[in-house]
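Since this is a predicted model, take the numbers as computed values, not measurements. We name chains A, B, ... by the order of the sequence lines, and we start the count at 1 in each one.
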There are 4 protein chains.
Amino acid sequence: MRPEPRGEDDKRGGRTGRPRDEAVQRALIGAATDLLRERGYRALSMEGVAARAGVAKQSVYRRWPSKGALLVDIYMEGMGEESLPAASGHGVIADFRAYLGQTVERLKDVAWANTLRSLVAEAQNDPDLAALMVERVVEPRRQAGRHIVAQAIAAGELSPDFDVETVLDFVFGAIWYRLLLGHAAVTTEFVERMLRQLFPAPVLPRRTKG
Amino acid sequence: MRPEPRGEDDKRGGRTGRPRDEAVQRALIGAATDLLRERGYRALSMEGVAARAGVAKQSVYRRWPSKGALLVDIYMEGMGEESLPAASGHGVIADFRAYLGQTVERLKDVAWANTLRSLVAEAQNDPDLAALMVERVVEPRRQAGRHIVAQAIAAGELSPDFDVETVLDFVFGAIWYRLLLGHAAVTTEFVERMLRQLFPAPVLPRRTKG
Amino acid sequence: MRPEPRGEDDKRGGRTGRPRDEAVQRALIGAATDLLRERGYRALSMEGVAARAGVAKQSVYRRWPSKGALLVDIYMEGMGEESLPAASGHGVIADFRAYLGQTVERLKDVAWANTLRSLVAEAQNDPDLAALMVERVVEPRRQAGRHIVAQAIAAGELSPDFDVETVLDFVFGAIWYRLLLGHAAVTTEFVERMLRQLFPAPVLPRRTKG
Amino acid sequence: MRPEPRGEDDKRGGRTGRPRDEAVQRALIGAATDLLRERGYRALSMEGVAARAGVAKQSVYRRWPSKGALLVDIYMEGMGEESLPAASGHGVIADFRAYLGQTVERLKDVAWANTLRSLVAEAQNDPDLAALMVERVVEPRRQAGRHIVAQAIAAGELSPDFDVETVLDFVFGAIWYRLLLGHAAVTTEFVERMLRQLFPAPVLPRRTKG
DNA sequence: CCGTAAACGAGACGGTACGTCCTGTCTTCTA
DNA sequence: TAGAAGACAGGACGTACCGTCTCGTTTACGG
């Protein structure tokens with residue numbers, strides 16, 4: 001008796017036919033995560049994921065056109081909703097420490113690290129994925145960083161012409177660099193060194209930049 | 001990347017049989033470079049390179065055990081010998097500008113950019129390649145950076161406890177980050193912004209460089 | 001091929017629920033015929049027929065459990081009711097000529113020829129279909145042939161021990177043989193040659209075989 | 001030291017590279033034959049044959065572009081070299097009896113019967129296969145029949161205007177018809193009936209059929 | 001006129017097979 | 001030995017259909 005489209009939290013925006021099975025979705029993401037954890041990116045094939053999840057291959061392709069798209073969803077799953085960080089009241093350094101510390105923490109999970117490494121590898125093949133990744137992975141994290149800096153500027157902690165974009169390129173660049181090239185580990189101690197380099201001790205009464 | 005370390009200046013340490021054909025080597029590296037330029041990493045298969053070079057597949061495997069090893073050789077080929085930069089006499093900023101500028105310049109070549117992107121992608125699958133890449137690609141460039149900083153410290157331009165390693169993570173990290181994720185281009189202007197962030201204007205009456 | 005034998009002249013033997021839509025039936029048979037005509041047996045998939053008819057796949061399976069069953073119905077549709085031929089009064093040869101001529105005529109329609117070819121192909125996989133085909137396709141045609149021969153025997157044109165079954169194997173065999181193997185066309189001229197071979201001119205004293 | 005192409009019974013007409021492995025060939029044909037015998041045409045997939053033979057799928061496609069081409073080779077294998085039958089000295093009927101009897105004999109082997117049925121089914125999809133089949137399967141058998149008739153004509157047993165082609169359509173048509181439609185078995189007794197129909201007893205003065 | 005029950009469109013689902021591409025190894029012949 | 005050629009086992013790709021199954025909606029009929 002309800003001719004109108006449907007309720008607002010409707011999962012199936014006017015779609016007809018049998019709905020996607022949530023269990024299949026979960027099984028697939030679970031299988032993919034397991035494979036990434038146990039055997040790495042190399043072992044992550046669409047075929048293998050389907051087999052491990054006990055699901056038809058078509059059910060994978062129905063959801064994700066490519067391995068990369070699947071990886072983005074695994075990323076989103078593990079990331080939860082990105083929300084802008086509230087001001088801690090302990091200053092910009094503390095805010096950044098929390099912000100980057102969270103990333104470092106997550107990277108301790110092999111599956112998570114492999115997910116990110118795989119995403120980058122896959123994106124080198126696939127411009128669409130690269131774009132998607134910027135939108136879903138890169139930008140949200142940067143946005144949080146911009147928010148922290150904006151709060152600090154408002155609080156008079158940082159100069160209004162603080163070059164956020166470059167600083168974000170520095171910190172995320174450094175983290176990705178270590179993650180992907182592996183010349184050094186991504187640790188909490190590393191975060192501290194980055195923070196010291198970016199926000200040198202005020203030293204004298206006078207501070208760095210007026 | 002030679003399959004077996006031969007004697008120093010001896011090209012064929014006592015080996016018997018027909019010598020390797022230099023032309024084959026050149027044809028292969030040329031074919032691989034062309035494929036990277038024209039069709040990207042995705043199209044770079046051992047099979048495809050051999051076919052394009054008009055060479056037997058075995059002749060590829062005889063030289064490089066894997067795609068990654070081939071990529072490293074393409075890198076070395078395009079890079080030439082890495083040599084430590086001489087002091088320019090124009091200060092650390094100028095030295096860094098030249099140093100990073102060279103990298104940015106090279107990246108304008110699509111084939112070159114694709115080579116680096118491919119190397120990283122490949123290394124995510126292949127720990128041996130990752131290690132080799134650190135040794136041949138990452139470290140030599142960092143070493144040059146360390147050299148510049150050491151000269152600047154000796155000249156009294158920088159404090160002896162300047163954190164070179166973190167700064168190098170910043171600059172190379174940022175460049176790789178932009179190259180691999182593609183959220184922004186790697187330009188000369190970007191190098192300038194990095195330099196300004198790392199070496200802020202002295203602020204006081206006296207100007208930076210004596 | 002109805003899924004369940006309903007009451008005699010009752011279209012919906014006591015059933016409740018929404019009745020089958022005749023238009024769907026027609027659309028399906030039309031779509032299947034078109035596909036057979038235009039793209040042959042290979043393109044005849046249950047999925048494709050449904051799609052072409054703009055009908056749900058389930059609506060196909062509701063009517064026919066298999067491709068073969070559908071083909072039998074297409075055959076029946078195109079064949080109409082098989083009725084025993086009346087004596088023409090022009091003799092057994094004329095009767096046979098009309099009888100086989102009708103078959104040859106129909107085979108000029110590509111869709112029809114493809115229907116028969118498809119039926120045979122499908123029956124090689126499906127014993128049930130083979131049996132059904134004998135019942136609905138093979139036997140009715142043979143029955144008509146037997147009838148003609150019986151009339152001829154009654155009229156004294158043929159000997160009572162004329163071997164109808166073998167003759168029917170000859171004529172239908174030859175037609176199917178040419179249709180399926182394609183080494184020669186099924187033409188009216190071919191019918192004439194068959195008739196001449198089966199019913200040699202009574203000739204004069206001298207006969208074929210010395 | 002032999003620059004010229006190679007000996008005349010050379011299996012590899014100037015081909016270079018690793019030669020095809022005979023064992024692979026045998027394994028494949030064996031596997032296909034077994035599948036046809038045990039599970040019929042329906043179970044005959046390129047994939048399944050490869051798996052059963054313990055061979056890579058590519059090794060199947062390297063030899064045969066399609067299931068049909070494989071079937072033709074299985075046919076050839078089982079058929080051996082078709083040679084024109086020598087005159088038996090017992091007359092045309094005896095010759096035909098031997099000739100058709102051989103076919104009937106072979107059809108007692110399920111694998112063989114399934115091979116022929118599959119070939120016809122497959123040919124309905126594939127015009128190239130149909131042509132190949134006429135060339136390799138249909139025509140050689142007909143040729144043998146023509147030869148028998150030619151001998152009989154030479155011996156004065158048959159009239160020079162005996163319509164061989166139609167007779168061959170009759171006998172092979174009837175055999176295929178029974179094989180494919182299955183309304184009756186292909187037996188030696190059936191061959192006798194065909195022979196009686198084609199070559200009625202020479203008749204003495206008195207009545208048509210002995 | 002209201003409930004039951006089937007038909008209908010849509011499309012998800014577990015499967016099987018398709019035909020192609022690539023990997024890394026091998027075998028053969030020729031230089 | 002190198003090199004051209006190409007076979008080989010194996011694995012994954014992405015697609016097409018199979019026959020079955022849920023959905024939400026529509027259409028008869030029988031109470």
Which nucleotide in [options] has an atom nearest any side-chain atom of [X]:
X	options	result
A/R62	F/dT27, F/dA2, E/dC13	E/dC13
D/E47	E/dG9, F/dG19, E/dC18	E/dC18
C/P19	F/dA28, E/dG15, E/dT23	F/dA28
C/R20	E/dA7, F/dG3, F/dC18	E/dA7
D/V24	F/dT15, E/dG9, F/dC8	F/dC8

Ignoring hydrogens, what is the shortest heavy-atom contact between [X] and [Y]? Give both atom names and the distance.
X	Y	value
C/G68	C/L119	O-CD2, 4.0 Å
C/Y75	C/T115	N-CG2, 4.3 Å
B/I74	B/L36	CD1-CD1, 4.3 Å

Worksheet entry | C/G48 vs A/L44, nearer the 5' end of DNA chain F by closest nucleotide |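 Closest to the 5' end, via its nearest nucleotide, is A/L44.
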Discussion item. Both A/S45 and C/A43 contact DNA chain F. Taking the nearest nucleotide for each, which residue is further toward the 5' end?
Written reply: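 Between the two, 5'-proximity favours A/S45.
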Donor-acceptor pair under 3.5 Å, [X] side chain vs [N] base:
X	N	result
D/Q58	F/dC8	no
C/R18	E/dC8	no
A/K57	F/dG14	yes

Rounded to the Å, how far apart are [X] [atom1] and [N] [atom2]?
X	N	atom1	atom2	value
B/D126	E/dT23	CG	C1'	14 Å
C/Y41	F/dC17	OH	P	13 Å
D/Y61	F/dA9	OH	C1'	16 Å

Practice prompt. Tell me what B/R42 touches on the nucleic acid: a base, only sugar-phosphate, or nothing, going by heavy atoms under 4.0 Å.
Written response: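 No contact.
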Worksheet item: Do A/K57 side-chain atoms and A/A50 backbone N/O form a donor-acceptor pair below 3.5 Å?
Response: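 Not at all, since once roles are kept as given, no pair shorter than 3.5 Å links the two residues.
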